[in-house]
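The structure appears right after this line, and notes come after that.
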Amino acid sequence: AAGEARRAAGDAPWRDAGPLIASPDQRRQSRRSRPAALPPTAGGAMSWRAESTFKPSSKLVEEEKEFLKVAKKLREILKLEEKVAQGEVLEGLQQEKVASKDKLLKEIAALAVKLPGETEVLEKNQDIADLLPNGALKDIEKRRKQDQQQRERRAEQEVKKREQAEFMAHHEKPIVDISLSADGGHLFTCSKDRYVLCWTMKDKLLQVVATFAGHKGAVFAVDASVGPYGLVSGGADGEVNFWQADPAKMKTGSILSPSAKLDHGGIVRVLRWCPYDDPSKDSRRLASASEKLVSKPPAICVWRVGDRGRAELVFRVDDAKVLPGKANDIRWAGGASVKLCTCHDNGYVGVWSADAPGSLLKTIKLHTAPIMSLALSDDGSNLVTASHDQTSAAVDISTRETPTVRVYKANRPLNAVALSKDFKAGDDGAGCLVLAGGKNAREVTTEATLEDEFESKVHDAASGEETATTTKAHFGPVHRLLSLPAVGKGGAFATVSEDGTLKVHDLTGRCIHSDVIE
């Protein structure tokens with residue numbers, strides 16, 4: 001409704017975007033037949049049988065089962081005692097049962113003390129519990145407190161065990177982002193398993209050098225630059241961590257903790273160091289994008305980070321009238337003034353001033369579905385997108401008109417794009433681009449997929465024709481691509497996927513590095 005009002009007023013820069021995400025059809029509620037309630041017994045009271053069958057007998061421990069057996073015998077004795085009180089004469093067998101009462105009380109008292117602390121048997125059999133001696137009740141209470149303390153200690157130990165950092169030889173969950181080290185010989189990846197890993201490309205089999213542990217949830221963003229605090233990561237815990245990550249100083253098998261932290265808020269999805277800042281200066285700029293979390297709205301931020309990892313906010317854009325939801329990717333763009341380019345679920349690219357207050361300069365409608373990734377050509381003139389509408393658009397951002405130079409078509413939803421060092425779009429174009437994606441994990445289980453759904457495709461920049469493809473690289477959607485122009489003879493690219501693996505391919509599609517033996 002707010003979006004409609006803004007469009008009517010004519011003041012919304014994203015007015016042709018429509019809703020950020022089309023709202024899904026309301027799910028039909030499944031109808032489940034409810035079990036009929038147990039009928040009350042005479043007088044409206046629930047029967048003892050209904051009370052005592054509060055959980056399946058298969059879930060009861062042996063002590064609970066034995067307690068219920070003895071409790072049944074005691075109830076029979078109590079009924080016989082009521083008959084005696086009413087003047088009835090008991091038969092021989094009945095008299096023997098009544099005579100065994102003291103023995104059964106001792107037996108059930110011994111069983112009650114052995115009951116597990118979390119049992120509900122006593123509460124569900126209060127009439128029997130009232131027969132127990134005070135000594136037994138005190139022992140039962142003591143046992144319950146001891147069991148409760150043991151459960152609490154076990155729970156604390158389990159939490160500590162989960163949080164305890166350990167060296168990871170590979171990721172155990174989907175890998176969602178990747179970055180290249182300043183020395184060009186190492187890769188940094190982040191995953192939903194809470195870790196950032198540093199990989200060496202020394203051999204064909206990629207091996208982990210160091211594990212960066214410090215996040216409390218999935219890590220969605222990672223970027224690397226030169227300098228002592230050049231590695232940065234962010235994730236679901238709303239924190240941005242800065243790490244000292246010089247591969248030359250790392251020992252294989254090391255586990256590293258953050259050197260500095262920033263409380264960003266929201267779910268941190270994107271982090272990008274500014275490539276136009278002099279790394280030798282005292283501070284550098286860092287762009288970030290976060291997704292809504294509880295009361296924190298989606299935001300785009302620019303921070304100035306000092307040489308000790310201390311970050312100061314330059315500006316934050318989180319006004320829903322200006323920002324159309326979360327940004328899926330960010331790229332710094334040069335020119336007369338430094339700018340930020342962001343892409344969104346509404347199919348738009350936004351161009352923002354990199355200086356405070358972060359003014360929105362321009363919006364460009366390019367796609368009919370979410371734009372998931374951006375790439376910038378080496379000369380800074382072409383901005384290239386990857387969209388779920390199965391196309392990639394190359395835009396000339398060196399001119400005020402920002403015309404679309406070329407649209408590259410695919411046959412699957414696109415999540416990622418990477419460009420060769422000499423990429424230039426258009427009829428007089430040069431170089432190539434790599435496109436990858438595939439249906440998401442939920443759709444894969446319900447919809448048909450292509451035989452090469454999760455392969456990466458190399459396209460000629462000028463013609464758009466496919467020139468190469470990877471083979472059996474991944475069995476899940478590719479989340480990010482990273483251009484590696486200095487790797488191999490003519491350049492290469494890295495892929496990370498929902499399947500939790502990392503691969504490096506040359507521009508012919510051949511796998512030259514992998515984190516698994518092939």
Side-chain angles (χ1 to χ4, degrees), residues 3-4 7 12-27 174 176-177 220 267 269-270 289 291-292 298 300 320 323-331 341-351 360 362-376 382-395 397 402-419 425 433-450 452-457 459 464 466 474 476-481 495-498:
E4 293 295 333
R7 285 195 284 275
W14 314 82
R15 55 183 173 273
D16 295 325
L20 184 62
I21 303 176
S23 57
D25 294 333
Q26 186 177 6
R27 298 179 178 176
V176 289
D177 203 5
F220 292 114
I267 300 173
R269 287 286 183 175
V270 188
E291 186 177 352
K292 178 180 178 181
I300 296 171
L323 182 64
K326 66 181 174 70
N328 294 320
D329 201 359
I330 298 177
R331 294 293 167 179
C341 297
T342 61
C343 60
H344 303 269
D345 285 349
N346 62 3
Y348 272 82
V349 164
V351 183
L360 178 62
K362 186 181 182 67
T363 61
I364 313 169
K365 176 67 172 177
L366 295 173
H367 296 278
T368 59
I371 306 174
M372 302 307 296
S373 183
L374 297 173
L376 194 66
N382 288 166
L383 182 72
V384 186
T385 63
S387 171
H388 279 180
D389 68 5
Q390 303 187 9
T391 65
S392 169
V395 180
I397 60 171
T402 60
T404 300
V405 181
R406 178 75 69 191
V407 174
Y408 303 94
K409 296 183 178 180
N411 59 353
R412 68 208 67 200
L414 297 176
N415 293 330
V417 56
L419 309 178
L433 73 161
V434 186
L435 300 173
K439 290 185 175 69
N440 65 44
R442 290 188 298 270
E443 293 172 339
V444 167
T445 60
T446 58
E447 300 179 11
T449 57
L450 301 169
D452 58 352
E453 183 83 26
F454 309 122
E455 302 301 337
S456 300
K457 306 289 183 176
H459 295 258
E466 181 185 316
H474 297 287
V478 175
H479 291 306
R480 287 291 188 195
L481 293 169
T495 61
V496 293
S497 167
E498 182 75 14

Keeping the roles fixed (side chain from [X], backbone from [Y]), state whether a donor-acceptor pair exists under 3.5 Å.
{"X": "His344", "Y": "Lys326", "value": "yes"}
{"X": "Ser456", "Y": "Ala436", "value": "no"}
{"X": "Asn415", "Y": "Val478", "value": "yes"}
{"X": "Glu453", "Y": "Lys439", "value": "yes"}
{"X": "Lys365", "Y": "Asn346", "value": "yes"}
{"X": "Ser392", "Y": "Thr385", "value": "yes"}

Side-chain heavy atoms of [X] within contact of [Y], under 4.5 Å:
{"X": "His459", "Y": "Arg406", "value": "no"}
{"X": "Leu414", "Y": "Met372", "value": "no"}
{"X": "Thr402", "Y": "Leu383", "value": "no"}
{"X": "Leu450", "Y": "Glu455", "value": "no"}
{"X": "Val349", "Y": "Thr342", "value": "no"}

For this session: Sequence neighbours left out, what passes side chain to side chain donor-acceptor pair (under 3.5 Å) with Thr391? Give chain and number order.
Result: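 Expected list: His367, Asp389.
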
Exercise. If you measure from CG on Asn382 to CG on Leu419, what distance do you get to the nearest 0.5 Å?
Worked result: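 Answer rounded to 0.5 Å: 8.0 Å.
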
Exercise. Can you tell me how far CG of Asp345 sits from CG of Asn328, rounded to the nearest 0.5 angstrom?
Worked result: 4.5 Å

Quick check: closest heavy atoms across [X] and [Y], and the distance to 0.1 Å?
{"X": "Gly438", "Y": "Pro477", "value": "O-CB, 4.1 Å"}
{"X": "Asp177", "Y": "Val496", "value": "N-CG2, 4.3 Å"}
{"X": "Ser387", "Y": "Ala369", "value": "OG-O, 3.3 Å"}
{"X": "Cys343", "Y": "Ser373", "value": "SG-N, 4.0 Å"}
{"X": "Leu435", "Y": "Tyr408", "value": "CD1-CB, 4.2 Å"}

Problem set entry | With sequence neighbours excluded, residues passing salt bridge (charged side-chain N to carboxylate O under 4.0 Å, His left out) with Glu291 |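 So Glu291 forms a salt bridge (charged side-chain N to carboxylate O under 4.0 Å, His left out) with Arg269.
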
For this session: With sequence neighbours left out, write down each residue that passes salt bridge (charged side-chain N to carboxylate O under 4.0 Å, His left out) with Asp329, or none if nothing qualifies.
Result: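 With neighbours one apart ignored, the set is Arg272, Arg331, Arg480.
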
Problem set entry | Positive for side-chain contact (heavy atoms from CB on, under 4.5 Å) with Lys457, one of Asn411, Asp452, Val434 | Asp452

